[in-house]
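Before any comments, here is the structure.
Convention: sequence-line order gives letters A, B, ...; per-chain numbering from 1. Side-chain atoms are counted along with the backbone in the values below, which use heavy atoms only and exclude waters and symmetry mates.
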Amino acid sequence: MFDLTEDQLAIVHMVAGFAAENIAPHAIEWDQNHHFPVDVLAQAGELGMGGIYVREESGGSGMSRLDAALIFEELAKADPTIAAYISIHNMVAWMIDKFGNDEQRTTWLPGLCSMETLASYALTEPGVGSDAAALSTRAVLDGDHYVLNGTKQFISGAGSSGVYVVMARTADTGSAGISAFIVPDGTQGLSFGALERKMGWNAQPTRQVVFENMRIPAANRLGEEGSGFGIAMKGLNGGRVNIGACSLGGGQAALDKSVAYLKERSAFGAPLIGQQALLFQIADMQTELEAARTMVWRAADALERSTKDTVRLCAMAKLVATDAGFNAANTALQLHGGYGYLSEYGIEKIVRDLRVHQILEGSNEIMRLIIGRIAVDG
Amino acid sequence: MKIVVLIKQVPDTAEERRLDPGTGRVDRQANDPVIDEITERALELALSVKDKDKSTEVAVLAMGPEETSKAIRKALSMGADSGIHILDPALAGADITLTAAALAAALKGAQADLIIAGNESTDGRAGIVPAMVAEHLGLPLLGALASAAIGAGTVSGERLNDAGTQRVSAPLPAMLTVTESFEEARFPNFKGIMGAKRKPVTTLSASGLGIATEPLSTVIDLEQRPPRTAGRKIIDEGDAAAQLVDFLVTQRLI
């Protein structure tokens, strides 16, 4: 269970090589210039990273959730921001494969799997975050079209994506009144807010997505009317494992840099690694990351097999991995002293990037709410 | 068209490589085994032909111990269709003549229109095996090319040397070797990785190939490379430029 297969080792090796060559050398520059590298994403798509767990018959790579977690961790070692965007893209591609009909799969998945078309996921609204069932974007059926009005907030890839999966209200029945829609870029009535200025995740654009009397064919509804909230939550289970894996990669990279730095940097006449207090911090970082990795793999396996404890395991994996990743990065910054605070060393970027992982895909408070309720109510 | 690419598994050049003082052979435990980069470029050339014409069949041929199967698997994941593995403990420590004889024997049955190899490996660096293989097979050799054009019935290319550029061509079947001017190898995609183990790999022994296993050469002695010593310093007393030019000329650097 805890040994990777030969195929998985080959996959990790390939992704590590791709990320080291095409992502890592540019990560700091992309962060500083707020550059979204769509050309590199297309290269990742050619290798199969656009539809990692989309079925092969739909044009995807047909791999497991554990394979995906391994891939996102490797990508995140080079750049958590790019890894996280690719994970969101994969979540959307999977939603269309899983909940779409044949026509929708044929229309959208080839471009998404090759990453020639990028995808965004639009659930959160300016006034609705954790309480997603209260969303207010409205979709009204008018003949064979739906007319959408509303605003989505914090949308990764917005303005660059070709496809948006949008959650909107089709009935005033709480979570049961939400439906999912596939909205292509260029639809009349679709517009975007200004580029958000953020603490981290600068190599991917974040904008509001605005719908003003936007008409889309009823055939663009994903799944049945009223099934949107279920689709959103199922998507997020996977999203949580994936973002956890991204945190592991970022945290591991920060740890690896710290070990190298402590070996090389001398103070008081000896390398810093000889200071037991610092060695213990390395031990704690490594242990927390490894514990979280075990949890992420277990949650990925539960998700793959749709076991009945999937929801709580995914929430736990997200909670421990995003905390472990951020803590490792923040400790790494301290271990690097003043150099950790300089952009050039790449540590402060990892801290800024991983901080948001504790907030999105369901904040870590919401993870505790999910885990706590299941613990109490069963 | 059928192309056979000779690939070699070598110790990773990223770390210090060593010879086993007891056997005089490469210490295979000391480094990660990888496909020699130059033979990866040879494979990339073959795969680029296949990209343009899907009917092209690309096979890889390697000789080496059990773990060489990993190099073959990697080549299959990158897009080669099949593999041939010359695997025989009796061939451990084979010298270049024996290696060339074994490779040629395996190629006789492979019916290749074109054989592509690297001009020299990063471990042995003899750079002679492809020429010996071509000799065994009676094929024209276009060695150490900087570029190549592979047509339906002919292959041509350019070779750079001290005097200039040579344009060479030969009718198929033929053999060519690539240099580092050729494209770097592609990454295998996920489908390639997952599908590699379903592709056929033929294993051949020395007796199956009908070849002897006695090397014609023996290693008499080996020494560790001496540690690097400081270079020569030229102090300028008015004739530094002349000394520098002399140095470069005697080292044949200009």
Side-chain angles (χ1 to χ4, degrees), chain A residues 4-25 40-72 74-75 78 86 89-90 93-94 109-110 112-116, chain B residues 7 9-15 31-41 43-44 47-48 50-52 54 60 62 65-80 83 85 122 180 182-201 203:
Chain A
L4 300 183
T5 64
E6 226 171 88
D7 279 351
Q8 285 169 330
L9 291 171
I11 287 161
V12 165
H13 186 254
M14 182 279 273
V15 177
F18 171 77
E21 193 173 315
N22 298 299
I23 298 176
V40 176
L41 295 176
Q43 289 173 24
E46 273 181 40
L47 298 176
M49 294 185 215
I52 297 169
Y53 45 91
V54 168
R55 291 170 299 171
E56 276 189 85
E57 55 266 41
S58 305
S61 296
M63 299 202 291
S64 73
R65 298 296 190 137
L66 175 54
D67 296 337
L70 298 170
I71 292 163
F72 293 131
E74 285 310 314
L75 290 171
I86 295 177
H89 173 94
N90 270 273
W94 172 80
L109 287 177
L112 292 177
C113 290
S114 69
M115 292 194 88
E116 284 158 308
Chain B
I7 60 167
Q9 191 179 47
V10 297
D12 194 344
T13 54
E15 306 143 55
N31 311 74
D32 282 340
V34 297
I35 303 184
D36 196 348
E37 191 198 305
I38 193 70
T39 61
E40 274 199 341
R41 287 177 200 247
L43 176 59
E44 178 61 35
L47 294 175
S48 72
K50 189 179 168 75
D51 289 342
K52 290 187 210 95
K54 297 289 175 209
V60 294
E66 197 72 53
E67 66 181 1
T68 304
S69 62
K70 286 185 185 153
I72 294 173
R73 172 85 72 92
K74 168 107 189 276
L76 296 175
S77 74
M78 287 163 71
H85 184 180
T122 53
E180 289 185 345
F182 279 79
E183 287 286 315
E184 266 185 52
R186 66 194 61 191
F187 289 104
N189 63 25
F190 293 146
K191 277 187 186 149
I193 292 171
M194 309 294 272
K197 61 177 171 295
R198 293 194 293 271
K199 291 180 174 175
V201 178
T203 305

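For K70(B), no part lies under 4.5 angstrom from a heavy atom of chain A.
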Checklist entry - Could you go step by step and tell me if F190(B) and I71(A) meet the side-chain contact (heavy atoms from CB on, under 4.5 Å) rule? => result CA-CA 11 Å; F190(B) 293 146; I71(A) 292 163; 3.4 Å; yes
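For N189(B) against E46(A), the heavy-atom pair with the smallest separation is CB-O, 3.7 Å. Between L47(A) and P188(B) the shortest heavy-atom distance is CD2-O, 3.8 Å.
The list of salt bridge (charged side-chain N to carboxylate O under 4.0 Å, His left out) pairs with a residue in residues 15-24 of chain A, not counting sequence neighbours, is empty.
Counting heavy-atom neighbours within 6.0 Å of E66(B) CD, excluding the residue itself, gives a total of 12 or less.
Remark: N90(A) engages no residue in a side chain to side chain donor-acceptor pair (under 3.5 Å) (not counting sequence neighbours).
K74(B) NZ to M14(A) CE: the interatomic distance, rounded to the nearest 0.5 Å, is 10.0 Å.
At a threshold of 4.5 Å between non-hydrogen side-chain atoms, the residues R73(B) and E6(A) count as touching.
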